[in-house]
Amino acid sequence: YQRVSTNKQIVFLFTLHEKHTEKLRVTLHSQSNCLELQTLLNNLPNAMSCVQVREMMTRRVDYLDEIPRMPDFLLALRPHTVWEKTPIKLFCTVQGNPRPLIHASKLEVGLFDRFPVTFGVEGESATLVCSMVVVPDLPNLPPIAQWYRDDKLLTPSKLVEMSVGGGKARLTLPHLAKDDEGLYTLRIFTKDGTSDHSAYLFVSDAAPTTAGAPGAPMSVKVYDVGSDYVLVAWKPPNTVNEAPITGYFVDRCEAGSDTWVQCNDAPVKVCKYPAHGLHVGRTYYFRVRAVNKAGISRPSRKSDKVIALDDAERLRLEGTKEGKYRIHTAGDVGHVTIPGEPTDVHVSEIFKSYVVLSWTPPSRRGRAPLWYIIEKVSGTGAWRRINTAVKLHSPRYPVFDLQDGQKYQFRVYSVNANGSSEASAPSEPVQKVDEDGVPSAPTHVVATRNTKTSVFVQWEASKEQKSLMGYYIDARVVGAKEWFACNNKPFKHTRFVAHGLIQGETYVFRVQAVNVFGLSEESQESSPVSVQPALAIPSAPYGITMLSSDGSSITLAWKSPKHSGGSRINAYYIDQRDVNDTVWTEVNLAAVTERVDNLTEGNYYEFRVQAGNLVGVGLPSDPSPPLKCEAWTMEEPGPAYDLRFSEVRSHSLVILWKAPVYTGASSVTGYFVDMAKKGSSEFVTLNQETVNRRYLQVTGLEEGETYVFRVRAVNAKGVGKPSELSDPVCARPLPGTKEIVAGVDEETGDIFLSLEACEVSEMSEFVWSKNYKTIGDCPRVSVSTKGRTSRLTFTNPDKDDLGRYSVFVTDTDGVSSSYTLTEDTLNTMLELSYAIRHPVVPLKHGLNYEVLEKGHVRFWVQAEKLSSSVSYRFIFNDKEVKSGEGYKISHDVATGIIQMTVDNFTRASEGTYTVQIHDGKAKTQSSLVLVGDVFKAALKEAEFQRREHIRKQGPHFSEYLDFTVTEDCTVLLTCKVANVKKETTFQWYKDDEEIVPETPPNVMSGACGLPVPLFSRKDQGVYKAVLSDNRGKDTSAFDISGKVFDDIINALARVAGASASDLVLQCTPEGIRLQCYMKYYTEEMKTIWKHKESKIASSERMRIGGAAEMAWMQICDPTDREKGLYSIEISDGVKTHVRSFDLSGQGKHRLVTYRGRVLGGLPDVATIMEDKSLSLTCTVGGEPTPEVTWLKNEQEVESNEHTRVTFDGGKFSSLVINQVTPDDSGKYSINVRNKYGGEFVEITVSVYRHGEQIPEPKLGQSHFTRLPPPTLQGEPVAQQTEEKGLCQWLLT
């Protein structure tokens, strides 16, 4: 993309004058004031005064002329534009004291540090900078710089920022889009015309919002702008690895708003869309999004703004500077009332999905606003209106709802407020047509070498172009599957340079053509091409040096060309001439030689050298300085030569050289190396003592600094001539530089050194050295190269191979590296090499054993990895075991397990077991010693498993007896059975006494259980379950004692503690009782009563006890000392359940007074004859009024015809039983309770039949002081007895 500057026909002469405009205005104003003063003086009447004033003015002018003033332009140069070869005079006015010197010149501009090919990403920013030297450098007069993109001049805007100054021309693109991709050119105007520089900017797609979605469209333009219609067009994105594009969505946005509205409901398949429904006079922006099966792309860059006005309306409205409009009218338009009809109705766009109808507005339109009505007709049918919902103001309209295969005609009416015109002439018949489709694929794609990072691609254009927009070029690395885009904006030409490639890689290319319908098929792939510079002749050698002279010949040396031209240099040609001659004479016509013979002693000669390669002979070098042919006789050595560098890094490098050809009076014993910064003559000797080798590592360099070196040889007679200065070298590594890596080949175990070069060329060679002496054909090492990587492999490494190894890559910019092989590193790699060459099968688990069912014993070992070709053998007591009777040997490659199963494991199986494994080259073995106690344990387990196998042949327990506690605190002994049948019996025993449960066990269910309700210490013992039938018997025993008993109690406490209620206060004749209700309580539970955090022990005053569902503590004769917080703690071995009650502030008097109580009226025992009626009546008290509940045998009594319960006035409660029967006998009780407590009274009722003897009374439990007997319904009381505190009523 290099541009060649050419002379232009028009010469631009320019300068800047805006800055001096204000100064010129002030100067002219001052001169005007002086003229006025002069006129005033001339009109003065007094002549003497006039003379004096003039003298004073003259003296003031002389005084002002003596004041120094800097030069300044009063009237600056004006810009001129003239034809070529036309004379021109430039005028300007200057001032200054002393008188300024005027020097006219034209700008000279030189460009350097030019911007390279640049790569950016959508949404990011990019800056192109070019440095320049301007002569003369005038701060107020910078050079004119113009920027172009694809030969189109750019102007500053929000998307393009430009600046010139400080010796730089800068272009910034703050928000990149693919629209910005292209060839950018900076053009600077100089005295010789212009100076140009061009480079490409590539912009790739930003990451899609949805994986697989296409890239954004680009170059959105708006055409055919009307009052309510525009035509939007764009370019499709490149789809490389994404799914094909199925359509596009077009969005619009009004100026001043951030809301985007989608114009089309369904994706449009072509890169054009007629957007209609706009509002007249409003400003819009448009953007486009691409759609494929994976999703929707990011939106394109928005279009330039567009105002919805058609051409006719624009002519009527002319914009003014003030932002207003001036309305134009023509002819007699003001007299027109009804507009004329439109003309030239035709179809301007035809696509498969729509057509665009266009017409010419009427010449007679009137002042009233104008709109249009469109009608269509198909064949001989009737005309039908199209736009029924909207008024059309634009002379274009897209029609979508047309049927395939039918021809249509259209006509248009002009309408205003005064009426409608006649219909226009119908259009020609038209029908929707199939789209022309994409262009044909390009052909003959050819890729050739260009530079070390680019390839030149050319192709033949598509034969069927169909409104071609350009081409997309894709590339792929040979051997890879994925293609990548070389450009992201259609390229219009058939020759393209693909940049950003990797040197040395091989690529293939393909091309696609692009038009409004999308992308063509891919072209055929190009032939593979390696990324290398194009072949050319080599550049000229340089640095010709005389190494020795014997009086008739001179030995020369020179430096190789900096550029080989992409081909190996195979010859050098030397020319010579006498300093007094002008004609060069060829020294050699064939192979090159450093020696030039047949010279005349004492003459001075000049030499030049040319290099040759496959392409041809390059340019000659510059002539050497005159060299005198005379014999060297000095005792010191001659100059070293061929200084070169290796391993250039940020702070170090290695310099190498060749020994002098002329050694002097004795052999060379060493060298001094001098260094200086580029441009400096102050050399520093780097080594205080001579080095006897021809290389030196230089350290302590400054990163980025440039240095030069020279070498001086030393012999016994002194220090010889210094060598020619080396080429300048910058202390900075090449980008991507890598170092030599030492390693061991995982397959062969070979020890090697390897380097992956950051760059190579087609002609590159890897030159390996040891201690910087080239390694030739040496049996100790071998060199192999593949692509960018070279490997030096040691045959049988030992201590003789220790040293510093280096490698240099030819035909590169100095790719090199070194590695020092030390003894420790070599020993480490030797160990690893031995492990690879003598591999061991790695084991996850060594040989182990496990006892299986039936008493079989399995010996197994697991390797980390096994191949299908693995072989192995088991050895027992030095004898190999074969798979056969009593032994089963197998392996599983997937899991890496090798196993042997011994069916009959007996006392004879004691000994040592070994497994030996061979897998490819790897092998290993593992042993297991099974003797002594270890063997006895294994044998015991095997015998147990055999017995278990025999046991399981008949009915047996699959799970032995165990216990569980149900939610109602019942202890349940459970077991599971297997291999049972209907005839199988199941029996329970406790301490060898059979237990017959209420529900017989069902063995066919697979599980049996024995409930043990109200579990306590009395339930301790040995429980057995016996399972038997004609096939055998099995027994399971469960000893409930000790820890098992404690575990059961804890399990009960866990359920009971969780169900425990809060403490309840109950008043008794003896005092106060605190009660805690729970699902089950037994004294074996770990319960603790506490008063104010102090443990309470059971005593006469503090009694602790409980019932089946309640734990209680009795406080006898409570006093104030018993006030405080009481709590009960129920522990289940894991958790402690706490319930509490606060007696603070609640004395005995208050509790007794207000709690619910039975005041009297009930006996302990009531005896009555059947068929009589019994009435039990008592008086209750308490505040608030207590709740009363009657119970029989702890079940609440319901009120009915036979049994009636009453509670009158909150004081009297009765239980009346009509016509009692023996079934009414039982224990009756009344429960009286309120929030302060309650009382529970029991009565025993006995019913006897006629003629029976009155039964003996049994002692009941009464909780109140006896009162007079209750009133009974029926016959009077026959008898009352009292003995030993027993109150009995006999009813007869």
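When reading the values below, keep in mind they use all heavy atoms of this one structure, side chains included, and skip hydrogens, waters and symmetry mates. Just so we're clear, the structure is a prediction, and the values are computed from it rather than from any experiment.
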Shortest non-hydrogen pair, Asn979 vs Gln953, comes out as ND2-O, 2.9 Å

How about CG on Asp777, more than 12 heavy atoms from neighbouring residues, nucleotides or ligands closer than 6.0 Å, or not? no

Hey, is Glu823 close enough to Lys799 for a salt bridge, meaning N to O under 4.0 Å? yes

For the side chain of Tyr1080 and the backbone of Leu1014, is there at least one donor-acceptor N/O pair under 3.5 Å apart? yes

Under 3.5 Å, side chain of Asn292 to main-chain N/O of Gly212, donor-acceptor pair present? yes

Is it the case that the ring center of Phe935 lies less than 6.0 angstrom away from the ring center of Phe905? yes

With a 4.0 Å cut-off, would you call Asp798 and Arg780 a salt bridge? yes

Flag side-chain contact, heavy atom, 4.5 Å: Gln916 against Lys923: no

I'd like to know whether the aromatic ring centres of Phe794 and Tyr805 sit less than 6.0 Å apart in this structure. yes

May I ask you to decide if Gly932's main-chain N or O and Glu910's side chain share a donor-acceptor pair within less than 3.5 Å? yes

Side chain of Ser1131, backbone of Lys1086: donor and acceptor closer than 3.5 Å? no

Side-chain donor or acceptor of Thr984 paired with backbone N/O of Asp1029 under 3.5 Å: no

Please confirm whether Phe859 and Tyr913 have ring centers closer than 6.0 angstrom. yes

Is the shortest side-chain N to carboxylate O distance from Lys1024 to Asp991 below 4.0 Å? no

Where Val1055 and Cys969 come nearest, the two heavy atoms and their spacing: CG1-SG, 3.7 Å

If I take atom CZ from residue Phe957 and atom CG from residue Asp1034, how far apart are they, to the nearest 0.5 angstrom? 5.5 Å

I'd like to know if Glu880 pairs up with Lys882 as an ion pair, taking the criterion as any Lys NZ or Arg NE/NH1/NH2 lying under 4.0 Å from an Asp or Glu carboxylate oxygen. yes

Under a 4.0 Å N-O cut-off, is there an ion pair linking Arg649 with Glu739? yes

Hey, is Glu525 close enough to Arg510 for a salt bridge, meaning N to O under 4.0 Å? no

After noting the C-alpha distance and the side-chain angles of Glu647 and Ser806, does the key distance pass the side-chain contact (heavy atoms from CB on, under 4.5 Å) rule? CA-CA 9 Å; Glu647 306 153 43; Ser806 61; 3.7 Å; yes

Does the cation-pi check pass for Arg693 over Tyr695, that is, NZ or CZ under 6.0 Å from the six-membered ring centre and within 45° of its axis? yes

Ignoring hydrogens and geometry, is there a side-chain-to-backbone donor-acceptor pair from Gln697 to Ser652 under 3.5 Å? no

Chi angles and distances behind the side-chain hydrogen bond (donor to acceptor under 3.5 Å, both in side chains) call for Ser1028, Thr985: CA-CA 5 Å; Ser1028 63; Thr985 61; 2.9 Å; yes

Return yes if some donor-acceptor pair links the side-chain N/O of Ser1036 with the main-chain N/O of Leu961 below 3.5 Å, else return no. yes

Between Lys1079 and Asp968, does any NZ, NE, NH1 or NH2 come within less than 4.0 Å of an OD or OE carboxylate oxygen? no

Answer yes or no: is there a donor N or O on one side and an acceptor on the other, between the side chain of Arg788 and the main chain of Cys758, under 3.5 Å? yes

Trp768 and Leu753: CA distance, side-chain angles, deciding distance, side-chain contact (heavy atoms from CB on, under 4.5 Å) verdict: CA-CA 10 Å; Trp768 286 88; Leu753 301 177; 4.1 Å; yes

Please check this pair: side chain of Ser909 against backbone of Thr906, looking for a donor-acceptor N/O pair closer than 3.5 Å. yes

Once side chain to side chain donor-acceptor pair (under 3.5 Å) is applied, what residue pairs with a partner in residues 827-845 remain, sequence neighbours excluded? Asp750-Arg837

So, are Glu943 and Lys940 salt-bridged, with charged N and O less than 4.0 Å apart? no

